[in-house]
Structures are given as C-alpha cells and as structure tokens.
Amino acid sequence: MEHPILFISVILEALGLPVPHGPVGHTFLEQLCAPYMTYTWLVMAFLYFVAKLTVSDLEMVPGKGQNFWEIVIGGLDNFFADNMGRKLTDEFFPMLATFGLYIAVANLIGLIPGFMSPTASLNTTLALTIIVWLSHHYIGLREHGLSYYKHFMGPMWWLVPLMLPIELISNLARLISLSIRLFGNIMAKETLLGILFMLAGAFFAPLPIMLLGVLVSLVQAMVFVLLSVVYFSQAQDHAH
Amino acid sequence: MSDFKKEMMFLIGHYGHIGITFVASIFIGMGGGILIDQKVFDGRTAPWFTFIGLAFGIVAGFKSLFEVLWRASKNLEKDNNETDKTDQ
C-alpha cells in the first residue's frame with residue numbers, strides 16, 4: 001500500500017524533527033512527532049480556535065456562530081440529562097461533551113486528503129476509554145461507598161461464585177469493546193479509502209466510501225458518548 | 001420526530017455495540033483462564049482453567065446481550081406508560 005502523505009509530518013521532517021516511520025516511535029521526541037499525536041494537537045487547536053472565534057463574547061441576541069454552538073451544546077445537554085439525570089450531567093458535562101466533539105472532529109478530519117484521524121490509532125481510543133472506565137468506577141464508589149461491590153455480586157447470595165467472575169469479565173469487556181470498536185471502525189475507513197484511492201482513485205472509486213465515512217464518523221462519536229453516559233448512569237443506580 | 005431519533009440512537013448505540021462486547025467477553029474469559037493455567041499453576045492444570053474461563057466468558061457475553069434486551073424492554077414499558085398518561 002502506498003504511504004499516505006500527511007502534511008504535518010512533511011512539515012516536521014522539513015524542520016528536521018524525527019518523524020517515526022512505524023506506528024510508534026522509539027525516542028521521546030519521535031513519539032511526540034508520531035502522526036496521531038500531531039493530528040490530535042491539530043484537532044485540539046481547531047476546536048479551541050473555532051470556539052474562540054465564534055463565541056468569544058456571548059450576546060443576548062445570538063449571531064450565527066453563537067446560534068450554532070447553542071444548538072450543539074444544548075442538544076448534548078438535553079441528551080445527557082435525559083439519560084443520566086441533571087446532577088451527573090452538570091458534573092460531567094465538560095468531559096463528555098469534549099469527548100463527543102473531539103471524536104467527531106477527529107473522525108471527520110481523516111476524510112480530507114493530507115490529514116489522518118487520530119482515532120485510527122488504538123493509543124488514542126484506549127486513552128479515552130480508560131478515562132471513561134475509571135470515572136464510572138469513581139462515580140459508583142462515590143455514590144455507594146464500599147457497598148459498590150454489590151454491583152458485582154448478582155441478585156442472590158448463592159449465585160455469587162457464579163456471578164462475580166461473569167460481572168468482572170463483562171465489566172472488563174467494556175474497556176476492550178469501547179476502544180476497539182471506535183478504533184476498528186475508523187481504521188477500517190482510513191485503510192479502505194487508502195486502498196480504493198490507490199486502485200482506482202482516478203475514477204472516483206473512494207467517493208461512496210467517503211459518503212459512508214461521514215455517516216460512520218458521526219455515528220461512532222455519538223455511540224461512544226451514549227455508552228459512556230449509560231455506564232455512568234448504571235454506576236449511579238442501585239444494584240439490582 | 002424526537003421519539004424516533006431517541007429510538008434510533010438507542011438501536012445504533014446498543015445493538016451496534018453488542019457484537020464486539022460479546023467477542024471481547026469471550027476473549028477476556030479465555031485469556032484469564034490461560035493466564036491462571038500457565039502463570040499461576042505453571043501448566044500443571046493445563047486445559048482446565050482455560051475451559052472454565054472460556055465458559056465464564058461465553059456466559060458473560062450472553063449476560064451483556066440480555067442486559068441490552070432488558071433495558072430495551074424497560075424503555076418500551078416506560079414509553080408506553082408515558083403515552084397512556086398523555087392519552088387520558
């Protein structure tokens with residue numbers, strides 16, 4: 001397969017910085033210059049500056065930019081409040097909304113030639129998933145104290161030897177499934193686009209996959225946030 | 001429209017996720033079994049904990065499948081109750 005041309009990597013190489021040729025570099029500087037890191041910073045900068053430029057000062061009568069953000073943020077807020085209650089939403093809204101916006105932009109950016117999706121690397125998605133996984137246990141422990149262990153004990157006491165391993169396995173499976181689903185979908189999209197572009201790029205072969213890619217990117221961002229919200233509300237609920 | 005969107009989100013979110021959860025549960029169960037067999041007992045109990053772990057993994061996969069179904073039916077009941085109330 002042909003190597004994709006990533007413009008940030010080209011610029012960094014021209015500046016004399018070491019860009020790793022494999023997926024991950026060996027030295028610290030190489031790891032910092034890996035494409036998924038540099039494009040993560042690009043997405044972060046994009047989100048920060050777009051938000052800064054469009055809603056630098058809030059007005060009573062919203063303009064175009066403020067209207068857009070009010071719809072996005074208001075929609076997310078309503079959705080979280082419906083699924084996990086007002087209290088948890090107020091507490092965890094910044095984190096979850098950031099995840100949603102970051103994943104959506106990071107997925108979509110890979111459709112533009114010269115860019116790559118940071119979420120097409122397992123490192124990025126696993127980092128996001130570990131944060132969600134740890135914080136849902138934190139919510140559970142804070143809400144129930146030490147009796148949080150009842151969540152893993154099943155409904156009846158004589159079922160405990162059977163239910164404990166099952167609950168532990170299915171809880172650990174969240175860690176794997178959440179990260180690998182996002183990574184797999186986005187990596188598949190990127191690879192498929194690359195192969196189709198190499199085979200028949202002159203005949204617009206990647207075009208239908210690009211259309212599908214827009215849908216997949218948005219749906220995967222939504223699913224990640226939805227499942228995080230579901231896990232949070234489950235940890236908050238009482239054990240069965 | 002809003003109800004339809006909610007329903008659609010639930011479907012895509014949960015049913016799109018269940019396949020990989022199932023596979024991940026089985027792999028974690030079997031991986032744990034192999035780990036106990038090889039690292040804890042140095043291969044003396046060789047196939048047994050692997051099989052037990054595999055069985056637990058499969059059951060955990062089915063459990064997460066049923067959890068999604070239970071949640072779906074609970075949501076359906078809640079929606080029905082709400083529509084009943086608005087009808088009266």
Side-chain angles (χ1 to χ4, degrees), chain A residues 74-76 78-84 100 125-126 129 132-133 151-152 154-155 159 161-185 187-188 215-231 233-234 237 239-240, chain B residues 1-37 40 48-76 78-79 82:
Chain A
L76 281 172
N78 271 337
F79 167 60
F80 293 163
D82 277 353
N83 280 294
M84 62 179 186
T125 58
L126 195 61
T129 310
V132 167
W133 193 76
H151 276 246
F152 300 99
L159 273 178
L162 202 62
M163 291 305 282
L164 184 64
I166 291 172
E167 293 278 353
L168 285 180
I169 288 171
S170 65
N171 198 279
L172 282 173
R174 290 175 174 181
L175 201 57
I176 290 190
S177 63
L178 203 57
S179 60
I180 292 204
R181 185 187 38 75
L182 181 58
F183 156 73
N185 274 289
M187 208 257 320
L215 189 73
V216 167
S217 304
L218 293 176
V219 165
Q220 290 306 321
M222 193 205 78
V223 167
F224 190 94
V225 174
L226 173 79
L227 287 169
S228 316
V229 167
V230 168
Y231 294 160
S233 70
Q234 272 180 0
D237 282 348
H240 28 215
Chain B
M1 181 60 204
S2 159
D3 274 357
F4 173 74
K5 236 162 76 183
K6 231 184 195 174
E7 176 87 31
M8 202 66 197
M9 271 171 115
F10 186 87
L11 287 180
I12 292 175
H14 288 93
Y15 296 154
H17 188 68
I18 194 68
I20 196 122
T21 314
F22 205 90
V23 175
S25 308
I26 293 175
F27 270 100
I28 285 182
M30 198 168 112
I34 290 176
L35 210 71
I36 292 177
D37 256 350
V40 179
W48 291 106
F49 278 105
T50 308
F51 282 131
I52 293 170
L54 184 62
F56 272 122
I58 292 170
V59 176
F62 272 104
K63 197 212 127 229
S64 46
L65 179 67
F66 280 121
E67 253 180 9
V68 169
L69 289 179
W70 286 326
R71 204 170 312 131
S73 59
K74 212 194 274 176
N75 274 11
L76 210 66
K78 210 168 68 184
D79 284 355
E82 273 168 18

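Not measured: the values here are computed from a predicted model. In what follows, chains are A, B, ... by sequence order, proteins preceding strands, each numbered from 1.
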My understanding is that only one of B:Leu65, B:Val23, B:Leu69 makes a side-chain contact (heavy atoms from CB on, under 4.5 Å) with B:Ile18; could you say which? B:Leu65
Can you give me the closest heavy-atom contact between A:Ser177 and B:Ile20, atom names plus distance? CB-CG2, 3.7 Å
What part of A:Phe224 is in contact with chain B, defined as an atom under 4.5 angstrom from a non-hydrogen atom: side chain, backbone, both or neither? neither
What do you reckon, is CZ of B:Phe62 surrounded by more than 12 foreign heavy atoms closer than 6.0 Å? no
As an exercise: rank A:Ile166, A:Leu162, A:Val223 by heavy-atom pairs under 4.5 Å with chain B and give me the winner. A:Ile166
Do you know the tightest heavy-atom contact between A:Asn83 and A:Ser233? O-CB, 3.6 Å
B:Val40 side chain near B:Phe49 side chain, heavy-atom distance below 4.5 Å: no
Checking heavy atoms, do the side chain of A:Val230, its backbone, both or neither come under 4.5 Å from chain B? side chain
Please state whether the side chain, the backbone, both or neither of A:Asn171 comes within less than 4.5 Å of a heavy atom of chain B. neither
Is it the backbone or the side chain of A:Leu172 that comes under 4.5 Å from a heavy atom of chain B, or both, or neither? both
For the CZ atom on A:Phe152, are there more than 12 heavy atoms of other groups (residues, nucleotides or ligands in this structure) within a distance under 6.0 Å? yes
Is chain B contacted by the side chain of A:Leu226, its backbone, both, or neither, given a heavy-atom distance below 4.5 Å? side chain
Contact part of A:Leu178 toward chain B, heavy-atom cut-off under 4.5 Å: side chain, backbone, both or neither? both
